[in-house]
Enquirer: 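Dropping the structure in here first, questions after.
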Amino acid sequence: MKRLIEEYEEWINSTWKKIEKKLTLTAELSNNKIPYSTVNGIHDNCITSEAPHNIAWWTNGFWPGIMWLMYYATGNDAFKKTAEYAERALDNALTNASRIDHDLGFMWHLSAGADYRITGNEQAKNRNLLAALLLAGRFNHDGGFIRAWNNTGYEGYAIIDCMMNIPLLYWASDETGDPRFRQIAMKHADKTMNNHVRPDGSVYHILQFDPETGDFIKAPTTQGYDAATSSWSRGQGWALYGFILSYIHTGKQEYLDASKKVAHYFISAIADDGYVPKCDFRAPDEPFYIDTTAGAVAACGLIEIAKAVPQYEKKLYLKAAINILTALDKNHCDWTEEEHSILQNGTEAYGRGIHMPIIYGDFYFIEAVYKLKGFDFLIW
Ligand code: GLY
């Protein structure tokens with residue numbers, strides 16, 4: 001691992017420098033915003049926008065999350081101030097019960113949760129505990145899963161993305177000493193591992209369970225190419241990173257094994273396409289949609305797997321992460337000052353929101369390079 005990092009040290013250092021330069025600029029320019037994407041190069045603003053990209057939008061933790069990573073790495077107060085502004089703005093979403101869904105981890109663990117863990121801010125701790133209580137409240141006891149969305153008819157929907165929300169629950173148990181949050185998180189992770197992860201390492205996006213019994217009903221998708229056989233690449237990334245995070249927080253070997261299994265599938269699925277994921281690994285070649293954000297998410301998970309496995313296994317995962325990140329940097333990053341976002345060509349869903357900058361693309365790209373630089377605060 002050390003040798004590989006040394007081999008890429010120049011790239012890691014120069015990329016980190018570019019990140020720091022760009023974020024020093026945008027943290028100032030967007031100090032009263034929570035961006036989702038850019039318009040003509042300028043960050044948009046979910047604090048002032050209309051639905052769906054308004055203050056309740058699920059991605060609103062990523063911008064303050066980037067700010068906290070940058071603050072932790074540099075100590076520059078400008079990052080802290082911008083993060084705090086976003087965290088305060090998010091209070092309007094935390095008190096809006098009908099708009100809250102399972103994305104509480106994305107929204108608060110990266111904003112208030114990071115604030116509390118880095119600065120000890122008690123108000124931030126309170127916000128994150130409220131978020132954890134709301135997430136725990138979505139647990140379906142008899143079904144053994146956390147409910148995803150609020151639509152009528154979706155009572156039994158559990159989606160792979162939620163593996164990234166449950167670190168909030170592990171934190172809540174660690175913080176309060178009450179095991180119930182962790183119990184819920186592990187019940188959900190077990191249900192996901194036993195049902196979403198297919199024998200070949202690919203994963204379903206959505207599973208609908210009977211909300212009374214937890215029995216499987218069907219496997220739809222809203223972001224992949226096709227429901228039954230689809231392999232939406234960001235969903236594979238959520239599983240890959242999500243399971244290794246559950247392993248880190250619990251030590252349960254099966255979660256590490258699940259993460260590795262999805263990683264093996266992911267790595268083989270991108271090898272032929274220059275290490276940049278298609279939006280869905282099981283879609284026709286035309287139209288050719290890529291999703292750079294899926295690559296950035298997976299890279300973060302691969303780096304964590306590399307840290308967790310024995311010495312002679314590490315290289316496979318770390319090299320794959322570096323292959324993805326260098327490919328993204330070479331062909332899909334914009335380092336100019338005219339464009340506020342870094343990572344281009346993210347895709348919201350198959351056939352919708354194609355090849356655009358999306359805030360979580362920047363978040364995971366930055367988080368991955370931050371990990372390679374050796375910064376040790378795990379924001380999840
Ligand atoms: N969590 C929704 C998405 O990945 O687009």
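Just follow the structure's listing: the first ligand is 1, and inside any ligand the first atom is 1. The model shown is predicted, which means the values in this text are computed figures rather than measured ones.
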Enquirer: Short list, please: which atoms of ligand 1 are under 4.0 Å from a heavy atom of Asp161?
Expert: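 Checking each atom against Asp161, I get 1 (N), 2 (C), 3 (C), 4 (O).
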
Enquirer: Say whether, by atom type as modelled, one donor and one acceptor occur between the side chain of Ser111 and the main chain of Pro64 under 3.5 angstrom.
Expert: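 Not at all, since once roles are kept as given, no pair shorter than 3.5 Å links the two residues.
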
Enquirer: Are His264 and Tyr317 close enough that their ring centers fall under 6.0 Å?
Expert: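 Yes, close enough.
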
Enquirer: Of the options Phe209, Phe216, Tyr157, Phe139, which is the one that meets Phe145 in a ring-ring contact (aromatic ring centres under 6.0 Å, His included)?
Expert: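 Of the listed options, the one satisfying the test is Phe209.
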
Enquirer: Say whether Trp58, considering both its backbone and side-chain N or O atoms, lies within less than 3.5 Å of an N or O atom on ligand 1.
Expert: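 By distance alone, the answer is no.
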
Enquirer: Counting both backbone and side chain atoms, is some N or O of Trp232 under 3.5 Å from an N or O of ligand 1?
Expert: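 Trp232 vs ligand 1: no N/O contact under 3.5 Å.
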
Enquirer: Looking at non-hydrogen atoms alone, which of Glu348, Met164, His205, Arg234 comes nearest to atom 5 (O) of ligand 1?
Expert: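 When every heavy atom of Glu348, Met164, His205, Arg234 is considered, Arg234 comes closest to atom 5 (O) of ligand 1.
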
Enquirer: Does Tyr350 share a hydrophobic cluster with Tyr204, counting links as ILVMFWY side-chain heavy atoms below 4.5 Å and allowing steps through other members?
Expert: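 Per the 4.5 Å side-chain linkage, Tyr350 and Tyr204 are not co-clustered.
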
